[in-house]
Amino acid sequence: MLQNLPIGTQSFEKLRKRAGIYVDKTQYILQMLNTTGTVYFLSRPRRFGKSLLISTLEAVFRGRKELFEGLYIYDKWDWNDKFPVIHLDFGKESHSTGEELTLSLTDFVDATARDNQISLQKHTLTGKFSELIQQLHETTGQQVVVLVDEYDKPITDHLSNQEVLEANKTVLHDFYQVLKAADDHIRFIFLTGVSKFSGLSVFSALNNPHDITISEDYAALCGYTQDELEKYFAEHIDNYTHEKNVSRQDLLDDIKRWYDGYSWDGKTSVYNPFSTLMFFAERSFDNYWFRTGTPTFLMELLKSRNQITPILENKKADSGLFEGYDTADLDEIALLFQTGYLTIKDVNSIDPENKEYTLGIPNSEVRNAFFRRLLSAYSHYPVSSVQRLILDMQQQIYNSDTSGLEQNLRMLLANIPYILHQKNEAYYHSMFLVWMKMLGFEPQGEVPTSTGRIDSVLHHADLTVVAEIKYSAKKGAEKLLNEAMTQIRDRRYYERYLDRKVILMAVAFAGKEVRCRLEGLEIQFPQSLLVQEKPCVHPYWGQVDAKTSENGFSRFRESTFVGK
């Protein structure tokens, strides 16, 4: 029988008692506990195992040795020391208003006091919290451990509501300020969240918490490394290969492409734990992580600021990106990184005090789902209908259906607010690449050739689309289309892609109008290129009489041959 998959299990005790798979992270926990630091912060995207990590830390500090048998930390920690633990999970607290957040936190402090047989005399939230910490220390003789999960949820859930946002920030500022004043009573503080916001006393008043988010030492603290995947999920991997009749290596390659690619140091790569678990449970590749939450606010922010194009290619950033974010001036690249849609691909140490980070989309799951969500935001199609739109437009391109594709391009253009339009070809070129990326193509822009520079080359499975984009506020669309298609043919932009199915695409932006033209490839080679006859069967052109050119490539006979 296969070992249990801990899907949705955030309790370390429950996981261990149910014999679920636990990928041992206690080596990193022990490393952290053996250092001199007492206040730590870790940022990771949602569904990345932060809550399970907090629960594991709680079990360590409570001395639950029996739960750690067989794990790295088992014989390396003094289990005789048992510490009082305050475990606050903001995912369970109400925070729709500042008043509601205050009441919810007050209830939490009162409940924690009752659980520890402590009677509180103070009446305010901060007074009660301070008293709780002090009395826990005095009654147990051990300093207090404070574990805070999703510390930023009362902020991130209200980024689009300034009134609630500011009210919750005030409550949290006062609440976290208590921790600094209680320093003599505290053994260890660990906070997790998605974002690191400046302006909260948790970072400004706690004697500089050790932010281990992008630390090399803790890069694999959450998520699964390649070795961990193959070690802990070996039975599930074998089960899938037998059930689906695929090779082990092919399966590993597919899982890696779909769910690996996250890195917080540019070196250590980890798998998304939630998606990996769901894949083994469902035995099917899908966008599991992305659809567990709807990043509506993020999508609307990107759309309103016209900041979609930076995520088409890797983005450079300096260390300031990770030092804290101002809720009054949100940076879209920072948000994309925090929330898991971008990750660190590489780190370049320019000098000892300055590093340059390269950010990019981590894997196929995020790439596919993210751009589909963007397409929904741009087209005003419901997300449930976007897949149909994508398939329609892909099919229209494959079948050279000019009228169908043109109609959908017009719809996409019409849904972009007029104030965002810019009167230059580069803007429309970038927008076109965004659209094609949303459709699942891998676009390359400004591709150099011996005869010029191709505006766009689009790859999708067995198809390559050679595209030329023209813009003019004065020329008519038909004239622009003729110019674009003539340029593609005269400069033979398609030559290097003849081993694939090739479609030529001309796109014209004439003022606020968009037109397109799709043509199957017609090739006519000069007699001077042909050396010897050799019949062949081309994978997409079928049975043809061909000759071999001087450069060794298979070429068609000089008579025109129209592709399938």
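Residue numbers start at 1 and run along the sequence shown. Quick caveat, the model's predicted, so the values are computed rather than measured.
Using modelled atom types and a 3.5 Å distance limit, the side chains of Gln226 and Glu230 yield a donor-acceptor pair. A donor-acceptor pair shorter than 3.5 Å can be found between the side chains of Gln487 and Tyr493. Side-chain atoms of Gln249 and Asp253 include a donor-acceptor pair closer than 3.5 Å. One side chain, Asp211 or Thr213, offers a donor N or O that lies under 3.5 Å from an acceptor on the other. For the residue pair Thr464/Lys501, the side-chain donor-acceptor check at 3.5 Å is not satisfied. In this model, no donor atom of one side chain and acceptor atom of the other lie less than 3.5 Å apart for Tyr40 and Ser215.
Applying the salt bridge (Lys or Arg N to Asp or Glu O under 4.0 Å) criterion to Asp260, with sequence neighbours excluded, gives Lys256.
Distance check: Ile361 CD1 to Leu336 CG gives 8.5 Å after rounding to the nearest 0.5 Å. Atom CG of Asn348 is separated from atom NZ of Lys316 by 7.0 Å, given to the nearest 0.5 angstrom. A distance of 6.0 Å separates CG in Leu458 from CE in Met505, rounded to the nearest 0.5 Å.
Atom CD of Gln407 has 12 or fewer heavy atoms from other residues, nucleotides or ligands within 6.0 Å. Open room surrounds CG on Asn245; 12 or fewer heavy atoms of other groups in view lie less than 6.0 Å from it. Within a 6.0 Å radius of NZ in Lys244, more than 12 heavy atoms belonging to other residues, nucleotides or ligands are found.
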Problem set entry | Residue pair Thr192, Arg44: steps toward the side-chain contact (heavy atoms from CB on, under 4.5 Å) verdict | CA-CA 8 Å; Thr192 74; Arg44 288 292 185 269; over 6 Å; no
Exercise. Can you check ring-ring contact (aromatic ring centres under 6.0 Å, His included) on Phe279 and Phe285, steps first, answer last?
Worked result: CA-CA 6 Å; Phe279 164 73; Phe285 291 99; 4.3 Å; yes
Exercise. Can Gln27 and Gln31 be said to form a side chain to side chain donor-acceptor pair (under 3.5 Å), step by step?
Worked result: CA-CA 6 Å; Gln27 178 179 354; Gln31 176 181 325; 5.6 Å; no
For this session: In sequence, state the C-alpha distance, the side-chain angles, and the governing distance for Thr451 and Arg492, and then conclude on side-chain contact (heavy atoms from CB on, under 4.5 Å).
Result: CA-CA 8 Å; Thr451 58; Arg492 310 177 73 83; 5.6 Å; no
Problem set entry | Arg388 vs Leu391, side-chain contact (heavy atoms from CB on, under 4.5 Å): CA-CA, chis, key distance, verdict | CA-CA 5 Å; Arg388 182 68 263 166; Leu391 292 175; 3.7 Å; yes
Problem set entry | Working for side-chain contact (heavy atoms from CB on, under 4.5 Å), residues Phe12 and Leu57 | CA-CA 9 Å; Phe12 178 72; Leu57 280 166; over 6 Å; no
For this session: Output, in order, the C-alpha distance, side-chain angles, deciding distance and verdict of ring-ring contact (aromatic ring centres under 6.0 Å, His included) for Tyr151 and Phe41.
Result: CA-CA 10 Å; Tyr151 94 95; Phe41 170 73; 5.5 Å; yes
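In terms of heavy-atom proximity, Ala484 sits nearest to Lys470 at CB-CG, 3.8 Å. Summarising the geometry of Ser400 relative to Ile503, their closest heavy-atom pair is OG-CD1, 3.9 Å, with the distance given to 0.1 Å. Scanning all heavy atoms of the two residues, the minimum distance from Pro45 to Gly340 falls at CG-CA, 3.6 Å. In terms of heavy atoms, Leu42 sits closest to Cys222 at CD2-SG, 3.9 Å.
The pair Asp157-Lys153 meets the salt-bridge criterion, with a side-chain N (NZ, NE, NH1 or NH2) lying under 4.0 Å from an Asp/Glu carboxylate O. Taking 4.0 Å as the cut-off between side-chain N and carboxylate O, Lys50 and Glu150 do not count as a salt-bridged pair.
Between Tyr357 and Phe322, the distance separating the two ring centers is shorter than 6.0 angstrom. Taking the six-membered ring for Trp, Tyr262 and Phe48 have ring centres closer than 6.0 Å. Annotation: Tyr232 is not in aromatic contact with Tyr224 [ring centroid separation under 6.0 Å not met]. Centroid-to-centroid, the aromatic rings of Trp289 and Phe370 stay 6.0 Å apart or farther.
Every pair tested for salt bridge (charged side-chain N to carboxylate O under 4.0 Å, His left out) that includes a residue from residues 217-226 fails, sequence neighbours excluded, so the list is empty.
At distances below 3.5 Å, not a single donor-acceptor pair connects side-chain atoms of Arg47 with backbone N or O atoms of Ser275. Using modelled atom types, no side-chain atom of Ser319 and backbone atom of Lys355 make a donor-acceptor pair closer than 3.5 Å.
By the 30° and 60° cut-offs, the orientation of the rings of His460 relative to Tyr398 is perpendicular.
Ile237 is listed as a side-chain neighbour of Phe280, based on a closest heavy-atom distance under 4.5 Å.
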